Q: 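Dropping a structure here in C-alpha cells format, bear with me for questions.
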Number of protein chains: 2
Amino acid sequence: MTAINKDNTEEKILSAARNVFIHKGMDGARMQEIADEAGINKALLHYYFRSKQKLFEAIFKSVFGKIMPNVMLMVNSDKPIEDKLGAFIENYIDILTINPFLPTFILKEIHRDPEFLAGMIKESGINPQQIITMFKQEMDSGKIRKMDPRDLIINIISLSVFPIAGKPLLSEMFFEKDKANYDEFILKRKVTIKEFILHSILIK
Amino acid sequence: MTAINKDNTEEKILSAARNVFIHKGMDGARMQEIADEAGINKALLHYYFRSKQKLFEAIFKSVFGKIMPNVMLMVNSDKPIEDKLGAFIENYIDILTINPFLPTFILKEIHRDPEFLAGMIKESGINPQQIITMFKQEMDSGKIRKMDPRDLIINIISLSVFPIAGKPLLSEMFFEKDKANYDEFILKRKVTIKEFILHSILIK
DNA sequence: AATTAGTTTAACCAGTTGGTCAAAATTAGA
DNA sequence: TCTAATTTTGACCAACTGGTTAAACTAATT
C-alpha cells in the first residue's frame, strides 16, 4: 500500500456506492452518480473495482453480511425465549429504522439475480437449522405450543421486516395526515410485535 | 375504432409489458424486450402509449388497482372475525402464489417514486379507516384483546405478504434441498397464519 | 376500384452509459 | 533530488436506449 489516499478513496467509493445502490438498485444506479457522490473521477471506480457488477457485488456482500447474522440473535445466549425474541426484534428494528431502504434493496436484488444467493447465505454465517432446533426444544419442553418451527421463524421475521419495507405504502394508508409519526409507530412495535407473538405461542 | 386488430394489439402490449415490468421493474425493463415479447414492432409501443413512463403507469395502476382492493375483504361481509380473516388471507395468498413477483415489484416501485402513491391509493378504493373501525368494534365487544388496530392490520398483511416477497431468500434458507416445496409450505400457511393470529388476539 | 383513415414497420437519431486509455499529478523510495 | 510506481483525471468510444418519422400496409367506405 504505497499511497496514502488509497484506503481513503476506496472508502469514499464504497460509501457512495452503498448509498446509491441501496436507493436505486443495480439497474437504477449510475456509475457517474456514484463518482459524483464520492467526489472523484468516474474512471477511478473502474481503477478500484474494475466494473459496475464487481462494485455492486462488493456492496451487496457487505450489506447482506452485516444484516443477516443478526438473525442468529434468536439463538445466541441462554436467556429465556421471551428475551431472545426481544433481542432479535429490537436489534432488527433499530437497524432497519436507520436503513429503511435495506429490506426492499435486498428483496429487489435477490429477485433480479437469485443464483447469487446460495453462496451468499453460506458466507453469511447464519445457521437456520440451529434456530429451528432451538424452537423445537421450546415446544418439546411445553413452553410454547407445537407448530412448524419454520412457520414461527418466518412469522417473526415478517412482522419485523415488512412494516419497514412497506413504509411508503403503509404510512400513506394509515398515517396520511402525519406520516412522520410512522417511525415512532415502528419503534413502539419493538414491544407490540413481541407481545403479539408471545400471546400466540406461549402456553399458560 | 376502424381496425379489427386495435384491441388485440393493445392487449398484447399490456400483457407483455405487465410481464416484463413486474419481473424487471421500470429501471430494468427495456422497450425492445416488451415489443419482442408482444411480437410487434417497438414503434407500436409508442403509437399506443406514447412513452415508457406512460406505459409503465398504465401497468402499475392496473396491478395496484387489482391487488389492493382485496384488503377490503377484511371488512366486507358480516361474518365473524375468524371468517373475515380467513377470507382475506386465503385470497391474498392465492393471488400472490400465482404472481410471486408482485409484492417486490410494488415495493420496488413505491420506493423509486413515492410521490405517485397518494393518488394511487385514493383511486384504489380502499378505506383503511373502515378496517380500523371494524377491529375496534371487535375489541370493544370483548371478542379480541385491545391493541392498536393499525398494529393488528399491519401484522396480518405482513404475515401474508412477506413470506412470498422473500421467497427466493426464505426458500434457500429453510428449504435448501427441496425449494420446490416452498409453494406447498406457503399454501399450508393459509391455515397456520390464521391460527397464529387468532391464538394471539382471541379472548377465550 | 378508388379514396381515406388507421395500423404497422424498418430505418434512423440523439442522448446516455459502462468502460478505456494515455497523459498528468502525486507519492514513496533510492 | 531524481526516479519509479501508483493514483487521478479528462477525453474518448462503442453499445445501448427511448423515441421519431416517413413510407408501406390493411381495411372499411364510397
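These figures come from a predicted structure and were not determined experimentally. Residue numbers begin at 1 in each chain, while the letters A, B, ... track the order of the sequences.
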Q: Can you identify which nucleotide, out of C:dT20, D:dT20, D:dT6, has its nearest atom closest to the A:Y47 side chain?
A: D:dT6
Q: Expressed in angstrom and rounded to an integer, what is the separation of A:L44 atom CG from C:dG18 atom P?
A: 16 Å
Q: If you look only at distance, which donor and acceptor atoms sit under 3.5 Å apart when one is on a side chain in residues 113-124 of chain A and the other is two or more places apart or in another chain?
A:
from: A:K122; atom 1: NZ; to: B:E176; atom 2: OE2; distance (Å): 3.2
from: A:S124; atom 1: OG; to: A:I121; atom 2: O; distance (Å): 2.7
from: A:S124; atom 1: OG; to: A:I126; atom 2: N; distance (Å): 3.4

Q: Sequence neighbours left out, what passes side-chain contact (heavy atoms from CB on, under 4.5 Å) with A:K84? Give chain and number order.
A: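 Result, side-chain contact (heavy atoms from CB on, under 4.5 Å) vs A:K84: A:S77, A:M134, A:E138.
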Q: Look at the side-chain N and O atoms of A:T9 and state whether any lies under 4.0 Å from the OP1 or OP2 oxygen of D:dT8.
A: yes
Q: Please produce a list of atom pairs where a protein N or O lies less than 3.5 Å from an N or O of nucleotides 16-19 of chain D.
A:
from: D:dT17; atom 1: OP1; to: B:R30; atom 2: NE; distance (Å): 2.7
from: D:dG18; atom 1: OP1; to: B:A29; atom 2: O; distance (Å): 3.4
from: D:dG18; atom 1: OP1; to: B:K52; atom 2: NZ; distance (Å): 3.0
from: D:dG18; atom 1: OP2; to: B:M31; atom 2: N; distance (Å): 3.2
from: D:dG18; atom 1: N7; to: B:K42; atom 2: NZ; distance (Å): 3.3
from: D:dG19; atom 1: OP2; to: B:H46; atom 2: NE2; distance (Å): 3.1
from: D:dG19; atom 1: OP2; to: B:K52; atom 2: N; distance (Å): 2.7
from: D:dG19; atom 1: N7; to: B:K42; atom 2: NZ; distance (Å): 2.6
from: D:dG19; atom 1: O6; to: B:K42; atom 2: NZ; distance (Å): 2.6

Q: May I have the distance from A:I40 (atom CD1) to C:dA25 (atom P), rounded to whole angstrom?
A: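 Rounding to the nearest Å, CD1 of A:I40 and P of C:dA25 are 19 Å apart.
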Q: In whole Å, what is the span from the CG atom of B:D27 to the P atom of C:dT16?
A: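 Taking CG of B:D27 and P of C:dT16, I get 16 Å after rounding.
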Q: Can you measure B:Y48 atom OH to C:dT9 atom C1' for me and round it to whole angstrom units?
A: 13 Å
Q: Round to a whole Å and report the spacing from CZ of A:F49 to P of D:dT8.
A: 12 Å
Q: Distance check needed: C:dG18 P versus A:I34 CD1, whole Å only.
A: 8 Å
Q: Considering only residues two or more places apart or on different chains, which pairs with a residue in residues 117-139 of chain A satisfy ring pair (Phe, Tyr, Trp, His ring centres under 6.0 Å)?
A: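 Every pair satisfying ring pair (Phe, Tyr, Trp, His ring centres under 6.0 Å) with a residue in residues 117-139 of chain A: there are none.
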Q: Is there a donor in the side chain of B:R189 and an acceptor in the side chain of B:S160, or the other way round, less than 3.5 Å apart?
A: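 No - no donor-acceptor pair under 3.5 Å links their side chains.
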Q: Which residue pairs pass the ring pair (Phe, Tyr, Trp, His ring centres under 6.0 Å) test with at least one member in residues 16-44 of chain B, sequence neighbours excluded?
A: B:F21-B:F56, B:H23-B:F101
Q: Applying salt bridge (charged side-chain N to carboxylate O under 4.0 Å, His left out), can you list everything that pairs with B:R150, at least two apart in sequence or on another chain?
A: B:D148
Q: Rounding to a whole Å, what distance do you find between A:N41:CG and C:dA24:P?
A: 15 Å
Q: Mind calculating the distance between NZ (A:K54) and P (C:dT20) to the nearest angstrom?
A: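 About 11 Å, once rounded to whole Å.
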